[in-house]
Amino acid sequence: MLFLTSLLALLGLLTTYASATALTYKLVPNEKECFYTHVSNAGAKIAFYFAASSGGNFDVDYVVYGPAKEAGKERIILEGEKERQGDFVFTASEVGEYRFCFDNTVSTFTDKMVDFEIAVENEARSQLPQRAGASPEQLSGVEETILKLSGQVSTLTRQQKYFRTRENRNFSTVRSTEKRIFNFSLMEVIMMVAMACLQVFIVRQFFTGGRKGYV
């Protein structure tokens, strides 16, 4: 009973101190799009995950900006070019608005689908409720168990993201292959029809020319 009460209390506190946003966005050619999150406490942890699931070579350019100290001067925290996916955790040293940008300006014709998640978690450590007759060792053991469970859940979540990205990429590859097979089959049909018409024309010209020779 003590374990269940402590687990529910800690999970409730963790829900209070953490916030996350998981989205899927379609970048059209020559587009740059940014997403924002506000950090109210210095020292908070920001987890940033993204994966290009379709389009081109399954890559995208990205830049993460911190709060501007001066007008027009933004601090670059993370950046990369033609990255397939990324998983980062960094400490927000300043309070303010953080900007996460994806860039598809190098692409002229290809749309790109990007799955990403932005999570902000404060460093505040939740305190387990005390109970009469419970020793500190018991409470410490419960806390360690809960932290292990939290780590395992995070690992499962990351694995789900990875497999979902692979599924989306494979599905995009299958659709591209189907489109190429259809176009190739259509070209074959057109060539066969054109060849048949050419053969009929040659045969007709052969017989027409033969009759004119006898006249």
Side-chain angles (χ1 to χ4, degrees), residues 14 17-124 147 150-177 179-180:
L14 287 175
Y17 286 107
S19 62
T21 301
L23 295 171
T24 299
Y25 188 79
K26 181 179 181 180
L27 283 169
V28 299
N30 300 316
E31 180 184 11
K32 181 178 180 180
E33 186 65 29
C34 297
F35 301 86
Y36 302 83
T37 186
H38 184 78
V39 176
S40 55
N41 297 321
K45 294 291 186 181
I46 300 180
F48 174 50
Y49 167 85
F50 75 91
S53 57
S54 66
N57 294 323
F58 305 109
D59 56 9
V60 68
D61 299 342
Y62 71 94
V63 183
V64 179
Y65 298 97
K69 295 183 178 180
E70 300 179 8
K73 293 183 179 181
E74 292 183 301
R75 181 168 56 93
I76 297 178
I77 299 175
L78 298 170
E79 64 178 335
E81 296 181 355
K82 298 182 179 180
E83 296 288 344
R84 285 173 162 261
Q85 64 184 53
D87 194 354
F88 310 97
V89 177
F90 61 92
T91 301
S93 58
E94 301 175 2
V95 175
E97 196 170 58
Y98 288 77
R99 188 156 61 103
F100 304 79
C101 299
F102 297 103
D103 192 344
N104 193 31
T105 55
V106 297
S107 178
T108 308
F109 305 102
T110 306
D111 297 336
K112 293 184 179 180
M113 197 75 68
V114 180
D115 301 326
F116 68 95
E117 181 176 354
I118 302 169
V120 180
E121 182 176 352
N122 293 323
E123 290 289 343
L147 292 176
S150 177
Q152 292 174 357
V153 170
S154 299
T155 301
L156 290 175
T157 302
R158 293 177 186 274
Q159 289 179 350
Q160 287 180 342
K161 293 176 183 177
Y162 172 72
F163 287 121
R164 184 181 66 179
T165 301
R166 286 193 60 183
E167 180 184 4
N168 292 337
R169 288 175 178 173
N170 292 336
F171 184 69
S172 177
T173 302
V174 169
R175 286 191 302 180
S176 176
T177 303
K179 185 177 181 181
R180 292 178 182 178

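All of these numbers come straight from a predicted model, not from anything done at the bench.
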Between [X] and [Y], which heavy-atom pair has the shortest distance, and what is it?
X: K32; Y: C101; result: CE-CB, 4.1 Å
X: I77; Y: Y65; result: CD1-C, 4.2 Å
X: V39; Y: V95; result: O-CG1, 3.1 Å
X: A47; Y: V89; result: CB-CG2, 4.1 Å

Taking only residues at least two apart or on different chains, which pairs with a member in residues 76-90 satisfy side chain to side chain donor-acceptor pair (under 3.5 Å)?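 Sorted pair list: D87-R158.
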Mind checking whether [X] and [Y] have side chains closer than 4.5 Å, heavy atoms only?
X: D61; Y: F102; answer: no
X: Y98; Y: P67; answer: yes
X: F100; Y: F48; answer: yes

Using the test side-chain hydrogen bond (donor to acceptor under 3.5 Å, both in side chains), find all partners of D103 that sit at least two apart in sequence or belong to another chain. T105
The side-chain hydrogen bond (donor to acceptor under 3.5 Å, both in side chains) partners of S93 (sequence neighbours excluded) come to none
Can you list everything that forms a ring pair (Phe, Tyr, Trp, His ring centres under 6.0 Å) with Y62? Sequence neighbours excluded, please. F50, F88
So, using ring pair (Phe, Tyr, Trp, His ring centres under 6.0 Å) as the criterion, who are the partners of Y25 when residues are at least two apart?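 Scan of Y25 (ring pair (Phe, Tyr, Trp, His ring centres under 6.0 Å), adjacent residues dropped) gives F35.
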Return all side-chain donor-acceptor pairs below 3.5 angstrom for residues 106-113, not counting sequence neighbours, or 'none' if the list is empty.
{"from": "S107", "atom 1": "OG", "to": "T110", "atom 2": "N", "distance (Å)": "3.1"}
{"from": "S107", "atom 1": "OG", "to": "T110", "atom 2": "O", "distance (Å)": "3.0"}
{"from": "K112", "atom 1": "NZ", "to": "D59", "atom 2": "O", "distance (Å)": "2.9"}
{"from": "K112", "atom 1": "NZ", "to": "D59", "atom 2": "OD1", "distance (Å)": "3.1"}

Please evaluate residues K45 and V120 with respect to the criterion side-chain contact (heavy atoms from CB on, under 4.5 Å), reporting the C-alpha separation (whole Å), side-chain torsions for both, the decisive distance (0.1 Å), and the verdict. CA-CA 6 Å; K45 294 291 186 181; V120 180; over 6 Å; no
CD on E94 to CG on N41, rounded to 0.5 Å: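 Between N41 CG and E94 CD, I get 14.0 Å after rounding to 0.5 Å.
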